[in-house]
Amino acid sequence: MPTSNETLKERLARYREITITVIGRKSGKKISVPVWFVFEEEKSKDDKLKKDGSKKDKSKKETLYLLPVQGSDTQWYKNVLHNPSIWIDARGAEAEFRPTPVTNPTEVKSLVDKFREKYGAKDVKKYYSKLDVAVMVPVD
């Protein structure tokens, strides 16, 4: 039976929308919001072949990227800055993580491009009004 993290990763690889839950910086209450995301699995550069030609254990870096629809003005983003915990729910597969804000313009642009690739440039332009920040969530 897969672990809850494995189930979560499988669902992140399949779905287009998840629910995030953050702690309100003023209310202290949990607030849930549906969001779009990009999930990436990167193989480690350290993957090498054994003498028999088979691969050594693969270590994957799995990362979930979130793009706040109103950039740094988005309420859930402000809440994450105040209380850096985030709960991810992908259709019943849930886990808590410590997100990292992404503010470097070059990195944010790269992530916006990933969102455009997944959801289409037209929809990203339609729904996202400010593209100045993103959030990275290591999923290990």
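Numbers for residues simply follow the sequence, beginning at 1.
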Trainee: With the side chain counted from C-beta on, respond yes when Phe97 and Pro138 share a heavy-atom pair under 4.5 Å apart, and no when they do not.
Mentor: no
Trainee: Mark yes when over 12 heavy atoms from residues, nucleotides or ligands other than Lys125 sit less than 6.0 Å from its NZ; otherwise mark no.
Mentor: no
Trainee: Using 0.5 Å steps for rounding, measure from the CD1 atom of Ile23 to the CD1 atom of Ile31.
Mentor: 8.0 Å
Trainee: Which pair of heavy atoms, one from Ser72 and one from Lys130, lies closest together, and at what distance?
Mentor: OG-NZ, 3.3 Å
Trainee: State whether the side chain of Asn79 and the backbone N or O of Arg25 hold a donor-acceptor pair below 3.5 Å, judged by distance alone.
Mentor: yes
Trainee: How many angstroms lie between atom CZ of Phe115 and atom OH of Tyr65, to the nearest 0.5 angstrom?
Mentor: 10.5 Å
Trainee: Rounded to the nearest 0.5 Å, what separation is found between the CZ atom of Phe39 and the CG atom of Leu66?
Mentor: 12.0 Å
Trainee: Just how far is it from atom CG of Asp73 to atom CG of Asp132, taken to the nearest 0.5 Å?
Mentor: 7.0 Å
Trainee: Test of understanding: clusters of I, L, V, M, F, W, Y form through side-chain heavy atoms closer than 4.5 Å, transitively. Do Ile86 and Tyr15 belong to the same one?
Mentor: no
Trainee: How long is the span from the CD atom in Glu62 to the CG atom in Leu8, to the nearest 0.5 Å?
Mentor: 9.5 Å
Trainee: Donor-acceptor pair, distance only, cut-off 3.5 Å: does the side chain of Arg91 make one with the backbone of Arg11?
Mentor: no
Trainee: Which atoms form the tightest heavy-atom contact between Pro99 and Val80, and what is the distance?
Mentor: CG-CG1, 3.4 Å
Trainee: Nearest 0.5 angstrom please: Asn83 CG to Arg98 CZ, how far?
Mentor: 8.0 Å
Trainee: Pairs in or reaching into residues 26-37: which pass side-chain hydrogen bond (donor to acceptor under 3.5 Å, both in side chains), with residues at least two apart or in two chains?
Mentor: Thr21-Ser32
Trainee: Under 4.5 Å between side-chain heavy atoms, hopping through other hydrophobics if needed: is there a path connecting Trp87 to Ile18?
Mentor: no
Trainee: Applying side-chain contact (heavy atoms from CB on, under 4.5 Å), name anything that partners Thr100, two or more places apart in sequence or on another chain.
Mentor: Met136
Trainee: For atom CD of Glu117, is the number of surrounding heavy atoms from other residues, nucleotides or ligands below 6.0 Å larger than 12?
Mentor: no
Trainee: Would you say the side-chain atoms of Tyr119 pair up with the backbone N or O of Phe37, donor to acceptor, closer than 3.5 Å?
Mentor: yes
Trainee: Do Val102 and Val135 have side chains that get closer than 4.5 Å, going by heavy atoms?
Mentor: no
Trainee: Using every non-hydrogen atom in the two residues, find where Leu67 and Ala134 come nearest and quote the distance to one decimal.
Mentor: CD1-CB, 4.1 Å
Trainee: Using the side chain to side chain contact (heavy atoms under 4.5 Å, CB included) definition, which of the options Leu64, Val137, Val38 pairs with Leu12?
Mentor: Leu64
Trainee: So which heavy atom on Pro101 is nearest to which on Tyr77, and how close?
Mentor: CB-OH, 3.6 Å
Trainee: Would you call Glu41-Lys9 a salt bridge at under 4.0 Å N-O?
Mentor: no
